[in-house]
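Taking it in order: structure first as structure tokens, then the write-up.
Chain letters run A, B, ... following the sequence lines, proteins first and then strands; every chain starts at 1. Only this structure's heavy atoms are used, side chains among them; waters, hydrogens and symmetry mates stay out.
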Protein chains: 2
Amino acid sequence: MPPRKRASSGAGADADPGSPGRPPAGELPARLRSTDIARLAGVSVAAVSIAVNGRPGLSDATRKRILDVANELNWRPHLAARALKGAANDVVGIVIARPARTLGVEPFFAQFLSGLQSCLSNRGIATQLLIVEDTETQVAVYRRWAAENRVDGLVLLDLAVDDARPRLVADLGIPAVVLGSHGNPMPLTSVWVDDHAATARILRHLVALGHRRIGHVSGTVAYQHTQRRLRAIEDVRDSTGIEVTSIATDYSDAQGASATRRLLEANPRYTAVVYDNDVMAVAGLGVATEMGIPVPRDVSVVSFDDSVLTTMAHPSLTALTRDTFALGTLTATELLRVMAERPAPRPVQAPTPQLVIRQSTAAPAER
Amino acid sequence: MPPRKRASSGAGADADPGSPGRPPAGELPARLRSTDIARLAGVSVAAVSIAVNGRPGLSDATRKRILDVANELNWRPHLAARALKGAANDVVGIVIARPARTLGVEPFFAQFLSGLQSCLSNRGIATQLLIVEDTETQVAVYRRWAAENRVDGLVLLDLAVDDARPRLVADLGIPAVVLGSHGNPMPLTSVWVDDHAATARILRHLVALGHRRIGHVSGTVAYQHTQRRLRAIEDVRDSTGIEVTSIATDYSDAQGASATRRLLEANPRYTAVVYDNDVMAVAGLGVATEMGIPVPRDVSVVSFDDSVLTTMAHPSLTALTRDTFALGTLTATELLRVMAERPAPRPVQAPTPQLVIRQSTAAPAER
DNA sequence: CAGGGCGTCTAATACGTTTTAGTAGAATCG
DNA sequence: CGATTCTACTAAAACGTATTAGACGCCCTG
């Protein structure tokens, strides 16, 4: 038997060869192909390809005729066929390794993603998202995506100390940008924030107010940016001689609250507490209020992250603020560059977060 | 000239034919193909395909040998080639039409997405996300994605009154689930929440406390769920005779605040205010505090959405709570069913949000 | 022992596009 | 006016996989 031929323009004896056994919603609209467009425009498929890809070598009249037919029928090149020939997929991937439930808690991710996407959308590029349990699966996904040729680029987030991913992704040959790392060696282009300066900014503010005994409710120490903050704190401690105690947490409100309790029960009491994120800061504020310790009179509170939470708290919280959306667009811009030009890896500095002084910080009470 | 042949297993004189002219990071690892696996396993490409797709027709020994080789080399079928043969892409799409900057404000979206993804990830399905400006572009994207065969399924969010998208998507033949609509006719399977019952639940609570004059700061009236809430309010008004006034907003804290101001300056004053989302509720709480109107003594406050915002506010806010993450997983489950079986459209009811009574509601003050 | 049936495997083809090599005709040039 | 270059287009060969039709043994059965 000859290979099954699709019903072409000729005699169409098979009006609907569709499945007679499948009752509901079983119509298949018989996908258009470039041959159809070519036939209707009276040209070859090669001409169709040239026209839709805007390449030179066609008269304006012919080009227009082809495009008119294509638009009329709302035909686009089949993505898979195009990708098979080595074209871009117009997809960038993000794989996140976090407990899925925690994603919605922080506004950071959603805002970053929005910024990223709003920049990529202009180029018709979509973002492909996968949430996995652990870093191992994450690595497996990178491998799989590379093998499958699924994405044109990657964004790496939440870099851990000694994270193996940048090296792996670079070796896999996928264009990528990492957010937050600018270590050496640097296998990938990175967008980084000066956590050191930001941390110093907070501490300078508190020291200037007169605080000499400061608590720090830190995030997960496995992350690189946490380490950078801790190092900055050490530097300030060494240079100014003030006392700073860090307590590590998992960023949750629960651990933020219990860390706060420990700091406020200490004797002598810490006169200021710095929190690595907004959720913990607000939770800590609640704890202080519960314990009858007025903020900012008896204890000042500062958050590393700014959000609707910190502005709406009472008292509103002094916080480091940054444009997370813009961070996303910056990352996207760099990724587009990497995808297009494959330049040598380089660090790109994002604006350093600014300190917004609100109602939660003041000079420590006299003793 | 004969067609370019890739260097095969034979004499390997070309250790690294990589580009000598492009200096940085220009290695291309020469993608593996099924032929390579076949050669190394000593079988045909057909056997490789059968093995990796787990289809019957191969002895266990051969099957294992093939899979071993494939895993060893970390080879996977090229996605595009596979998709070209009509296989699934393992991608579902979500197109959101909102100002990009607003996405991070509400936790709803991030949580929903997490739930969706955590369910889809089990099947190795990724989510493709696109944020666009308006509904027109959204429709164009659906058309393009359909024509390109980019996604296996769609999730439709933020349904407007008379939204044309369900009909369009159904006509395009893309499996899809809509969140929130259960109208007639229903071209697509929908996951819906009983907004009517939820709204009634809030009002019953306030009426039971003794409130007879209630303000409602509503969201954008173009959305279907806003309409359902408004209708529910009307029903309660009609059946109980209490007074309820709605003010439409765009969900922003700014408009929430100004609406609150209007309600609290009214004479006689409204003794309770219901907000369509948590951001506005917290903003309204701030306004009341500023105006020297104690909550809940002089005015009760209820939020339609629950989040870290409502729990951390002082006083903490009475709110409707629902498991947005679970809503995501439910939607994913339904979408998977639709993609697999193409059943007739049907409504799937998600659990009705429950009222969590916190500190912001109380009986109205005596007059 | 012929013949059917089954288990295992392969050759060849199709999927829908892009790209390369090439052709026919018109224009240009010495 | 023949040779060259250009313009506008086409035929055919990829891209890497899934699938279909069959081939080849082998076991069973009558």
Roughly, in whole Å, what's the span from [atom1] in [X] to [atom2] in [N]?
{"X": "B:Arg33", "N": "D:dG16", "atom1": "CZ", "atom2": "P", "value": "6 Å"}
{"X": "B:Leu79", "N": "D:dA18", "atom1": "CG", "atom2": "C1'", "value": "14 Å"}
{"X": "B:Asn149", "N": "C:dT17", "atom1": "CG", "atom2": "P", "value": "11 Å"}
{"X": "A:Asp36", "N": "C:dT17", "atom1": "CG", "atom2": "C1'", "value": "13 Å"}
{"X": "A:Leu84", "N": "D:dC15", "atom1": "CG", "atom2": "C1'", "value": "4 Å"}
{"X": "B:Ile66", "N": "D:dT17", "atom1": "CD1", "atom2": "C1'", "value": "14 Å"}
{"X": "A:Ile37", "N": "C:dT18", "atom1": "CD1", "atom2": "C1'", "value": "16 Å"}
{"X": "A:Arg31", "N": "C:dC15", "atom1": "CZ", "atom2": "P", "value": "13 Å"}

Consider the side chain of A:Val45, meaning its heavy atoms from C-beta on, and name the nucleotide among C:dG16, D:dA12, D:dG16 that approaches it most closely.
D:dA12
Donor-acceptor pair, side chain of A:Asn71 and main chain of A:Asn74, under 3.5 angstrom:
no
Listed by chain and number, what are the ring-ring contact (aromatic ring centres under 6.0 Å, His included) partners of A:Phe112, not counting sequence neighbours?
A:Phe108
Should the pair [X]-[Y] be classified as a salt bridge under the 4.0 Å nitrogen-to-oxygen rule?
{"X": "A:Asp158", "Y": "A:Arg98", "result": "yes"}
{"X": "A:Arg65", "Y": "A:Asp68", "result": "no"}
{"X": "A:Asp60", "Y": "A:Lys64", "result": "no"}
{"X": "A:Glu334", "Y": "A:Arg346", "result": "yes"}

Side-chain N or O of B:Ser34 versus OP1/OP2 of D:dT17: is the shortest distance under 4.0 Å?
yes
Presence of B:Arg82 side-chain N/O under 4.0 Å of D:dT17 phosphate oxygens OP1/OP2:
no
Qualifying residue for side chain to side chain contact (heavy atoms under 4.5 Å, CB included) with A:Val43, from A:Thr62, A:Ile37, A:Leu58, A:Val69:
A:Thr62
Proximity to DNA chain C (any heavy atom under 4.0 Å), residues of residues 47-65 of chain B only
B:Ala47, B:Gly57, B:Leu58, B:Ser59, B:Thr62
